Structures are given as structure tokens and as C-alpha cells.
Number of protein chains: 2
Amino acid sequence: MAEGGQGGGEALLFLTDEQLRKGIEAMFFAYRGFTADPDRILEKHGFGRAHHRAIHFIGRSPGTSVNNLLAILGVTKQSLNRVLRALIEAGLVESRVGRRDKRERHLHLTPAGEALERELSDAQRARMRAAYRAAGAQAVAGFRTVLEAMMDGEQRRQYLALREASP
Amino acid sequence: MAEGGQGGGEALLFLTDEQLRKGIEAMFFAYRGFTADPDRILEKHGFGRAHHRAIHFIGRSPGTSVNNLLAILGVTKQSLNRVLRALIEAGLVESRVGRRDKRERHLHLTPAGEALERELSDAQRARMRAAYRAAGAQAVAGFRTVLEAMMDGEQRRQYLALREASP
DNA sequence: TTGGAATGTCAACAAGACTGACGTAAACTG
DNA sequence: CAGTTTACGTCAGTCTTGTTGACATTCCAA
């Protein structure tokens with residue numbers, strides 16, 4: 001179908017409500033699959049999704065400040081703080097007082113934190129890899145394109161900022 | 001087009017960890033965008049995401065049983081019951097005793113429930129439509145293909161079952 | 001130097017998930 | 001027909017993760 005060439009075929013785009021609804025439901029079910037593996041691992045360690053998100057983005061941007069993490073995660077600082085405290089107590093995250101600005105705390109994963117990060121992202125990558133393989137390269141490109149278009153402006157800005165960091 | 005993605009280029013599929021990570025982060029940020037509009041509407045009415053999910057799937061499959069809804073949503077009956085009770089009290093959902101099997105309750109949206117369902121799904125469809133338009137037809141196909149591949153087997157079964165209902 | 005802004009912490013609360021136990025009515029089964 | 005299973009509802013208690021509000025510390029600029 002849609003051999004419209006990479007022109008992409010705006011012309012072929014018949015968007016019935018039913019098709020849109022399928023997209024919505026696909027997001028719902030796929031997101032559950034997307035979080036299923038990490039959830040199982042986290043439970044073993046007594047953590048939840050909030051901890052996963054913190055670990056992910058600290059691992060992604062070592063030395064990030066609490067405020068920066070706050071902006072990415074879109075939660076209140078009090079909520080993040082609880083999560084962070086648990087991770088620091090468990091010895092997975094280290095919080096270093098800023099050298100230039102002592103109000104800031106710079107966050108890093110400890111070796112144990114890196115190990116859990118790897119365990120979590122290995123699982124998630126394995127699922128993503130399988131899905132990508134099953135779908136093919138063109139599908140993958142389309143997948144990313146639609147997801148980016150679905151973000152709010154601010155979210156897309158943050159997403160692309162992460163992208164820059166490691167192109 | 002799913003199979004082997006013919007032009008799709010399995011050959012072109014270089015799945016670096018970095019690329020996979022981008023896909024993971026895209027899911028994270030896109031899902032936030034995906035739920036942002038409904039969340040705003042729900043707040044006005046004093047409901048949450050859990051209510052949205054129930055409303056969506058009742059609207060999708062009118063007359064569905066509690067047990068069926070339970071399976072789709074993947075929560076406990078206690079959790080669903082709290083949500084359902086609120087929706088029934090608010091006059092958005094009606095629970096009818098089954099005719100054939102009187103143990104069952106068949107769930108329907110009232111006119112008010114349908115109105116809220118429409119308000120919610122209009123918002124969500126508008127975003128989905130904009131994303132689809134921006135991405136093009138091929139991207140849309142790829143998007144759905146990858147999402148389906150990302151589901152667990154049971155989830156995919158349920159997703160496709162909904163699909164059948166209205167092809 | 002002093003007051004405001006930024007950063008982070010502690011405390012209390014709410015939503016929404018969970019488990020476990022129990023009750024009722026209807027349907028099924030030997 | 002008696003006993004078991006199924007479908008649903010409810011009460012009670014816990015956990016995670018979000019929320020506000022109040023407060024301490026640090027920096028910076030008037």
C-alpha cells in the first residue's frame with residue numbers, strides 16, 4: 001500500500017475518526033508494553049516508575065541539576081525530591097553540591113546506579129529493538145516522526161536538546 | 001506491508017543503542033503530549049485518567065461487561081469499581097443487569113457520558129490528526145506497525161479484537 | 001547590606017493503584 | 001437438588017506518586 005514514494009502522500013491521507021481512534025488505542029496498549037519490562041525489574045528492587053525516569057535522565061545527562069531534571073520530568077520538586085532521596089539512600093545516585101553555585105546539586109549515578117540503569121534500559125531496548133526489527137526501517141522512521149509531532153512544543157524542545165547531546 | 005517490510009530495508013536497519021534510546025525517549029515525551037489535552041478537560045470535571053479510560057472503552061464497546069472492561073484495562077476490580085461508581089453517580093454511565101445472565105452488568109454511556117466522551121476524544125483526535133498530517137501517510141503506517149509490535153501478546157490480542165468490532 | 005529570587009527540604013494530603021477478606025446472587029454441574 | 005463456580009460489589013488497609021504549603025539556605029542585585 002501507499003507506494004506513494006517518500007513524498008509521503010499527503011494526498012493519500014484519509015483520516016477517518018475510526019483510524020484516529022485506532023492510533024489512540026495503539027498508543028494506550030503499546031505504552032503498557034513499553035513499561036512492562038522495567039516495571040517487573042523495578043519491583044524486584046522496590047522502586048517504581050518515578051525512580052526509573054530519574055535514573056534514566058540522570059544517566060543520560062550526568063551532573064544535571066535538580067532543576068533541570070524537574071523541567072524534563074514535569075513534576076513538582078517535592079515529588080522529585082522524595083524519589084531522589086530514596087535513590088541516594090539506596091546508594092544509586094550521588095548528589096554533589098555545586099562548585100560554582102552552592103545552591104545547586106549535581107546528580108550522578110554511582111556504579112550501582114549505572115548497573116540498574118543498564119539492566120532497565122537493556123530490557124527496554126530489547127523490546128524496542130524487536131519491534132523495530134519486526135516493523136522495518138521505514139516504519140521506524142515513521143514511528144519517530146509521528147511521535148515527535150505528537151509532543152507539545154516544550155516537550156519537543158527538551159527531547160531535541162537531549163538529542164543534540166549525543167547525535 | 002508489515003511482513004519483512006518489502007522496500008522497507010531490513011538491510012538499512014542499523015539499531016545502535018543510541019537510536020533505540022531515542023525511540024524510548026520519544027515514547028516518553030509523546031505519551032505526555034498524548035494525555036495532556038484530556039487531562040485538562042478531565043480536571044474541569046473533577047475526574048482523572050482512570051475515568052477517561054473507562055469512558056473510552058465503554059463508549060467503544062457499549063454493553064460491555066465489567067469483567068471484560070477489567071481485562072482490557074488491566075486493573076483490579078476494586079480499582080475499577082471506585083471509578084465506575086463515580087461515573088454512575090455523576091450520571092455518565094449506566095449499569096444494566098444482564099438479561100441472559102443476571103450476574104453480569106452491562107455498561108453504557110448516558111447522553112451526558114457520550115458528550116464527555118466526545119469532548120475528550122475530539123481533543124485527542126485533533127492532536128493525533130495534526131501529528132498524522134505533519135508526518136504523512138507512510139509515517140502513519142509505520143507508527144502503527146511499530147506500536148503493534150511493541151505490545152505484549154495479550155494486549156495485541158485485545159487491541160485487534162477492538163479493531164474487528166469496527167474495521 | 002539587605003531584600004528578593006532561586007534552589008532544595010520537610011510535612012501533610014489526595015488520587016489511584018494494589019492485596020485480602022467477605023457477601024450475594026445467579027449459573028453451572030455431578 | 002446440593003454444592004461449586006462465576007460475576008460483581010464492598011470494606012479495610014497499604015503503597016506509589018502526584019499535589020500544596022511552609023521553611024532554610026544561598027546567591028545576586030539595588
Side-chain angles (χ1 to χ4, degrees), chain A residues 28 31-32 35-36 38-58 63-90 93-108, chain B residues 28 31-32 35-36 38-58 63-90 93-108:
Chain A
F28 172 73
Y31 198 78
R32 280 233 302 249
T35 55
D39 282 354
R40 269 189 291 275
I41 294 169
L42 289 157
E43 201 190 354
K44 288 191 311 184
H45 297 259
F47 294 120
R49 259 182 226 181
H51 304 86
H52 183 191
R53 292 195 283 264
I55 288 174
H56 176 95
F57 287 107
I58 293 172
T64 186
S65 71
V66 173
N67 234 2
N68 182 43
L69 203 50
L70 237 35
I72 291 175
L73 296 176
V75 298
T76 58
K77 60 182 177 173
Q78 295 89 332
S79 191
L80 175 58
N81 197 258
R82 192 184 329 104
V83 167
L84 242 29
R85 208 183 321 161
L87 291 174
I88 290 169
E89 259 172 41
V93 167
E94 194 189 345
S95 167
R96 304 180 194 156
V97 173
R99 275 176 42 84
R100 258 190 38 206
D101 186 335
K102 289 178 192 161
R103 292 173 304 181
E104 293 182 347
R105 301 289 184 277
H106 298 279
L107 303 168
H108 298 262
Chain B
F28 172 72
Y31 197 78
R32 280 234 302 250
T35 55
D39 282 354
R40 269 188 291 274
I41 295 168
L42 289 158
E43 200 190 354
K44 288 192 311 186
H45 297 260
F47 294 121
R49 259 182 227 180
H51 304 87
H52 182 192
R53 292 194 283 264
I55 287 175
H56 175 95
F57 286 108
I58 294 171
T64 186
S65 70
V66 173
N67 241 356
N68 183 42
L69 202 50
L70 238 33
I72 289 175
L73 297 177
V75 298
T76 59
K77 63 177 178 176
Q78 294 91 330
S79 196
L80 175 58
N81 199 258
R82 189 184 336 105
V83 167
L84 240 31
R85 209 184 317 163
L87 291 174
I88 290 169
E89 260 171 40
V93 167
E94 195 189 345
S95 168
R96 303 180 194 154
V97 172
R99 274 178 42 85
R100 259 189 39 205
D101 187 333
K102 291 177 191 161
R103 293 171 305 177
E104 294 182 347
R105 300 297 135 84
H106 298 277
L107 303 169
H108 298 263

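The structure presented is a predicted model; accordingly, all values stated were derived computationally and were not measured.
- Side chain of B:Arg49 to backbone of B:Pro38: no donor-acceptor contact under 3.5 angstrom is found.
- Between B:Phe57 and A:Phe28, the ring planes lie tilted relative to each other; the angle falls in the 30° to 60° range.
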Which letters describe nucleotides 19-30 of chain C, given B = protein heavy atom under 4.0 Å from base, S = only from sugar-phosphate, - = neither? BBB----BS---
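- Residues A:Val83 and A:Ala50 share a closest heavy-atom pair of CG2-CB, 3.7 Å.
- Spacing between atom CG of A:Leu69 and atom P of D:dT17 amounts to 14 Å, rounded to whole angstrom units.
- When the side-chain nitrogen and oxygen atoms of A:Asn81 are compared with OP1 and OP2 of C:dG8, none of them lie within a distance under 4.0 Å.
- Taking atom CD of B:Glu89 as the reference point, atom P of D:dG9 lies 13 Å away to the nearest angstrom.
- Of the side-chain N and O atoms in B:Arg49, none sit less than 4.0 angstrom from OP1 or OP2 of D:dT17.
- The interatomic distance linking A:Asn67 (CG) with D:dT26 (C1') rounds to 14 Å, in whole Å.
- Interface remark: the B:Arg105 side chain does not form any donor-acceptor pair with the D:dA7 base, using a distance-only criterion of under 3.5 Å.
- Considering all non-hydrogen atoms of both residues, A:Leu84 and A:Ile58 come closest at CD1-CD1, 4.1 Å.
- Using a 30° and 60° split on the angle between ring planes, B:His51 and B:Phe47 fall in the tilted class, from 30° to 60°.
- Residue contacts for B:Gly74: at a heavy-atom cut-off of 4.0 Å it reaches the sugar-phosphate backbone alone, with no base atom in range.
- Rounded to a whole Å, the CD atom of A:Glu104 is 19 Å from the P atom of C:dA5.
- A:Arg105 contributes a side-chain N or O that, together with a main-chain N or O of A:Arg103, makes up a donor-acceptor pair within less than 3.5 Å.
- Nearest to the side-chain atoms of A:Val66 among the listed nucleotides D:dG9, C:dG8, C:dC18 stands C:dG8.
- Atom CZ of A:Arg85 and atom P of C:dT9 are 8 Å apart (whole Å).
- Atom CZ of B:Arg82 is separated from atom P of D:dC11 by 13 Å (rounded to the nearest Å).
- Rounded to whole angstrom, the span from the CG atom of B:Leu87 across to the C1' atom of C:dG16 amounts to 14 Å.
- Considering B:Ile41, B:Leu42, B:Thr35 as possible partners of B:His52, the one that fulfils the side-chain contact (heavy atoms from CB on, under 4.5 Å) test is B:Leu42.
- Across the protein-nucleic acid pair, B:Asp39 atom CG and D:dG18 atom P stand 12 Å apart, rounded to whole Å.
- Residue A:His51 has a polar side-chain atom (N or O) positioned under 4.0 Å from OP1 or OP2 of D:dT17.
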